[in-house]
Structures are given as C-alpha cells and as structure tokens.
J.: 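Attaching a single structure in structure tokens format; questions to follow.
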Amino acid sequence: QKEVEQDPGPLSVPEGAIVSLNCTYSNSAFQYFMWYRQYSRKGPELLMYTYSSGNKEDGRFTAQVDKSSKYISLFIRDSQPSDSATYLCAMRTGANSKLTFGKGITLSVRP
Amino acid sequence: DAGVIQSPRHEVTEMGQEVTLRCKPISGHDYLFWYRQTMMRGLELLIYFNNNVPIDDSGMPEDRFSAKMPNASFSTLKIQPSEPRDSAVYFCASRSTGGINEKLFFGSGTQLSVL
C-alpha cells in the first residue's frame, strides 16, 4: 500500500459546482498536510496547508483533515473554469523536510 | 524574482546518451529538491540538498543518476546512460529555512524523452 492514495480521476464538473477532492494515508506520523495545484505544463504551487485536524478555509477553498481516519479533503465552492488543473495532496512528518505527494487528480470545470 | 529556472524545457535524446538537466534556485533559498513526475508513479523525490550538501538521495533510482550542487545558485541532475524508462518530467524546487516548510517553489520542469 502506498503511503498516500489519491482518487485517480479525472473529474469533470460544470461551472459553479462544489468539488470534493480526497486523499487517504497510512503513515500515522504525518502531521502536516498540503494541497498543491498544478496547471498544464507548469510546476505545482502551494494552494493550502494545515497542521491540525478540522477545517481551514481560504476563500472558495476549504481544507479538511481527519487524523483519526487518516483522511484529508479539499473542497472547492463555486468552481470556476480557472480552477481546471491537477490537484496534488502532500504531507510530511515533523522529522524531516521530505514531502510525500499523492499522484494527483485532474479537474476540469466546464463553462 | 524570476522564480526557479530550469533548462532545457524539453530534451529528446537516444537511449545510451548522457543527459544533463540544470536548475537555478531562487536566490536566498537554502533547500533544493529534484523531483520526477510520471503518470504511473506521480511526483517522486529523487534527492534534496541543504546549503549545497546532499541530505537524502534515497530516491535516486540507480547509479545512472547523479546530482550536484557546486554552489548556492546552480544544480545539475545527470543521467548516464539514459534509458527509455527515464522519460518523465523532471522538476527542481527550492525553499528557504525561514519560510513555510510546506511551500516549495517549483520550476516549470524539463520534459525528457528518451527514444
């Protein structure tokens, strides 16, 4: 079992939809959780990060972490065509600087 | 700041040839990371440096891969000899100790095709 599993996708939704992207992990030592967004032919860029269980909101984006279930989610409200990208979850333990990434899910928001 | 700069953007080579990928991190960043991205395996860490010193190279797939960081503003990833299974997008990323640990700044990548 890989340390981080991400829904494979791709995912296509109409503009304005609520999107839910999910990752599960097996290593209980992961303490820090992130979502990166990657546009086509670009490198990933940090979208959100959180250290604790619960929800963290930033505009139309909400990151949710459930450490007891080893499950993280990213919700996108009122999705826009500009949200079309690949979304990668990432996490790390506190012990070193290495990030472990999920494989990513490609989201397409149709106008 | 121009961000992390990688060259070349695209590289097409034949099996057995040597390939050198280049990276210029953001000025002032003391961590540099090399990642490889494929559809099958996603984004994998190959090696990372701190203050120009290799810290963890456990992700380097085999001895055909080597990486150097001769100074704070330049790093190379070399594959010799290259094989078709090395075809992937190779990303360089950097961050600073004083910044958010989670925030890596990625370059735009080098698309490598080994025929």
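Quick caveat, the model's predicted, so the values are computed rather than measured. As a basis for the values below, the full set of heavy atoms in this structure was taken, side chains included, without hydrogen atoms, waters or symmetry mates. Proteins get letters first, then strands, A, B, ... in listed order; numbering begins at 1 in each.
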J.: Less than 4.5 Å apart, side chain to side chain, heavy atoms only: is that true for B/Leu43 and A/Tyr36?
T.: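 Side chain of B/Leu43 against side chain of A/Tyr36, heavy atoms only: no contact under 4.5 Å found.
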J.: Once you round to the nearest 0.5 Å, how far does CD of B/Glu44 lie from OG1 of A/Thr100?
T.: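 The OG1 atom of A/Thr100 is 11.0 Å from CD of B/Glu44, to the nearest 0.5 Å.
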J.: Would a single hydrophobic cluster contain both B/Phe49 and B/Ile79, if residues Ile, Leu, Val, Met, Phe, Trp and Tyr are joined by side-chain heavy-atom contacts under 4.5 Å?
T.: yes
J.: Hydrophobic clusters join Ile, Leu, Val, Met, Phe, Trp and Tyr when side-chain heavy atoms are under 4.5 Å apart, directly or via other members; which others share one with B/Leu115?
T.: B/Val12
J.: Tell me whether B/Met60 is reachable from A/Leu99 by hopping between hydrophobic residues (I, L, V, M, F, W, Y) whose side-chain heavy atoms are closer than 4.5 Å.
T.: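 No.
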J.: Side chain from CB out, backbone as N, CA, C, O: work out which of these in A/Gln6 comes under 4.5 Å of a heavy atom of chain B, or both, or neither.
T.: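 Interface part for A/Gln6: neither.
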J.: Are B/Trp34 and B/Val4 co-members of a hydrophobic cluster defined by side-chain heavy atoms under 4.5 Å apart?
T.: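 No, B/Val4 and B/Trp34 fall in different hydrophobic clusters.
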J.: To the nearest 0.5 Å, how far apart are CE in B/Met40 and NZ in A/Lys103?
T.: 5.5 Å
J.: Sort B/Asp56 into side chain, backbone, both or neither according to what part of it lies under 4.5 angstrom from a heavy atom of chain A.
T.: side chain
J.: Checking heavy atoms, do the side chain of B/Arg41, its backbone, both or neither come under 4.5 Å from chain A?
T.: backbone
J.: Looking at every non-hydrogen atom in both residues, tell me the closest pair between A/Gln38 and B/Phe91 and how far apart they are.
T.: NE2-CZ, 3.4 Å
J.: With a 4.5 Å cut-off on side-chain heavy-atom distances among I, L, V, M, F, W and Y, is there a chain of contacts connecting A/Leu21 to A/Val4?
T.: yes
J.: Can you tell me how far the CZ atom of B/Phe106 sits from the NZ atom of A/Lys42, to the nearest 0.5 Å?
T.: 14.5 Å
J.: Would B/Leu112 and B/Leu46 show up in the same hydrophobic cluster when neighbours are defined by side-chain heavy atoms closer than 4.5 Å?
T.: yes
J.: With a cut-off of 6.0 Å (strictly less than), are more than 12 heavy atoms of other residues, nucleotides or ligands near CG of B/Asp63?
T.: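 Check fails, neighbour count at 12 or below.
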J.: Hey, are the side chains of B/Gln37 and A/Leu88 touching, using non-hydrogen atoms and a 4.5 Å cut-off?
T.: yes
